[in-house]
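Beneath this line is the structure, given in structure tokens, with notes to follow.
Proteins come first, then strands; the chains are lettered A, B, ... in the order of their sequence lines, and each starts at number 1. If you're wondering where the values come from, they're calculated on a predicted model, not measured in any experiment.
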Amino acid sequence: MNSDYINIALADDDEDDRLFFTEAFEELKIKSKVLLFKDGIELMEYLNDFNNSLPSLLFLDLNMPKKSGLECLKDIKATKRLCDMAIAIYSTSASEEDIENTFVKGANIYIKKPNDFEKLKKVLSEVVTTNWQYHTSGLNKDNFLLRL
Amino acid sequence: MPTSSSRYLRTAFIVGLFVILCIGGFTYKHISELSQTSKVVNDNYSLRSELEIIISNLKDAEIGHRGFLLTHDSLFLNPYEESLQKVTNNLHKLDTLIVSNGEQVEKLKVLKSDIEKRFNNFDRSFSLANDDTILTQDLLFLLHEGEIRMDRIRADITEMLDLEQRLLIHNQEVNEKKIGLTPLFFYGLLIVTLVILLLAYFKMSKDLKALKDNNIELEIFEKLTKQSEIVSNTSTWVWYIEENEFEFSDNLYRLVGEEPQSFEPTLENFYEYVHEEDINNLGQQVNMMMREEELPFTNFRVVHKDGTIRHLKAYSKMMDETEGDKKMFGVTIDATNEVENYRIIEQRNQELERTNKELSAFNYVASHDLQEPLRKIQTFMSRLETKEKDHISESGQLYIQRMKSASARMRMLIEDLLQYSRTNTSEKEYLKTNMNMLLEHAKTELLDSIEEKQATIICDDLPTMDVISFQIQQLFINLISNSLKYSKEGVPPIIEITHQEVFSKDVEEIKESLYKFHHKITFKDNGIGFEQTYAEKIFLLFNRLHGKSEYSGTGIGLAICKKIVENHKGVIMAEARPNVGASFIIYLPFLK
């Protein structure tokens, strides 16, 4: 695997969102490799396969068929090999309940899907360029939800 | 009333008894005084007769003495000796009679010595005249002396008699004085007793009449109670604790489906009718009642002979009986309707709760899920706007702008609806919160538009209240942003927030409130205002006074305000004049 590329994964059942996501990365000109998963089961199968290299950043939609983002988050944090992976929640809603739950379960940041493509690009570049090792130490509930 | 009259009777009786005892005591005392007086008079008379007897005896002795001197015949000595003896006896009697009177005793002593001297004189003349019949000179002298002695004795006796007479008169006077008042006193006492008796009689007859009236009332009351027991499906019973006996009212028999007084009023007989599932519980309660002497509200079912099941409710309390036996008075009610109504209400409540939950879930899901496609439309439009800009004609770009503003509006609507549903469903936790802090938060939230409009917010010091803080913050945000939105063009908005504590009774809108005091918070602005006729309409959901193109707005903001204030059991009102400004007045009760 070429180390110049950042390995990024997105699990989202929505085809349009996956399209916006890849297009945004294309336009951002960040050297990245985007892996796409249609649901939680597919994601977990990939992650649990020892042959696959792990993404450095995982964007996780919460509302997915078969296996929800929250369940995936729980499983990932319970698996030793995966638990250090940075996880960004990427969801339509930003209800207090969802934010609270994902924060407690160990997600690194919560992104509310923007309704403007330019904003999306801005958000994604910000998240990708953040040093997660450093950011995690100063993480609290107030800066958990990404505000632009 | 009965206790006071019985106390009165008791007092009258005691006073009467006392008076009679007094009369008895006085009578006894006076009679004994009277008998004392008559004894004194008797003594007096016997003393007088004794004294007179002494004189006559002395005269007898003198006659005997003279006879002897003349005849020297010893025959005359016998009467003399007898007289001597008699006088000695007389003097003894006098001794006992006048022992109590000092003056008289002195006089008796004088008399005694005079009598002794007289007899001495007799003896001496006897010895001189022993055998000589001629009267010698000495004898003559003795006779003379005897005469003088006799006179002295007579004088002594007269003195004693006089003294006795005086004593007698004095005694009589004292007695008369004493006894003279007695009849008057007795008469007075009798009158008093009679008056007391009369009063007691009147009181008693009055009480008796009252008692009779009470009896009639009681009879009516009893009949009414029986009627009302039947009508209201209640019954009463008494438990005489000392005898462990029960008394059931007629209707208690009816409540278990039987004819009045058709079985012995005992617990065992009553248990026959109790539903077998409830009999244990009721038994426990009754046992507890026997120990604690109180029966709390106890529900149980009874089964009539025809199989009907009724729900009964019993309650009993110990009456504080100061006199007489201890009793417990109980009430048993047919609560079947109550229980059934309660069940229906419970059922409806559950249904209502369920539909409410469904509704809010629907509301939430609808507004939440609506956001998803909208977001995509907006994102795609932004893609069109940037990526495909070169391929779209000018009018096409105008259409895109229109679509953008329409979808932005739709987004706003959905977000407000979400907010509205959140005000409905969120947990209602009232916490002591500083309202100034909430207002500061609201101002921070609106900082951009406040600066943009160059608005001034003047604010009183607000109190600390028990509120759902995020809701009140939302309320402040909505009201301030409302004022900012409907400001006059070219005039910087001034929003005045004032606070006052008001007495609920003084304010028309809240005088029916259960709470005594309210906080009155007023938001007053200098904006475009509105006609007062719309003051109530503006709080309705989706109600707008202005065209969408003039002022952006969803018509939900003020509806949310109303909802929030209602959640806090308060009232919100609006007062406004076109082109002058609007005031929003919130009354929030002092919860506690």
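When atom types are taken as modelled, the side chain of Ser393(B) and the backbone of Gly396(B) share a donor-acceptor pair closer than 3.5 angstrom. Looking at Ser32(A), its side chain does come within 3.5 Å of a backbone N or O of Ile30(A) through a donor-acceptor pair.
Note on Lys387(B), Met381(B), Arg383(B): by heavy-atom pairs under 4.5 Å with chain A, the leading option is Arg383(B).
Under the side-chain contact (heavy atoms from CB on, under 4.5 Å) rule, Ile495(B) has a single partner from Thr456(B), Leu484(B), Ile458(B), which is Leu484(B). In summary, of the residues considered (Phe21(A), Phe20(A), Phe37(A)), a ring-ring contact (aromatic ring centres under 6.0 Å, His included) with Phe59(A) occurs for Phe21(A) alone.
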Q: Go through the steps to decide whether Arg375(B) and Asp17(A) satisfy the test salt bridge (charged side-chain N to carboxylate O under 4.0 Å, His left out), and finish with yes or no.
A: CA-CA 10 Å; Arg375(B) 183 177 51 81; Asp17(A) 279 328; 3.0 Å; yes

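The residues Lys67(A) and Asp75(A) are annotated as salt-bridged, a charged nitrogen and a carboxylate oxygen being separated by less than 4.0 angstrom.
Contact annotation for Asp14(A): only side-chain heavy atoms (C-beta onward) come within less than 4.5 Å of a heavy atom of chain B.
Using a 4.5 Å cut-off between non-hydrogen atoms, the part of residues 111-118 of chain A that approaches chain B consists of Lys112(A), Lys113(A), Pro114(A), Asn115(A), Asp116(A), Phe117(A), Glu118(A).
Relative orientation of the Phe584(B) and Phe539(B) rings is perpendicular, given thresholds of 30° and 60° on the angle between their planes.
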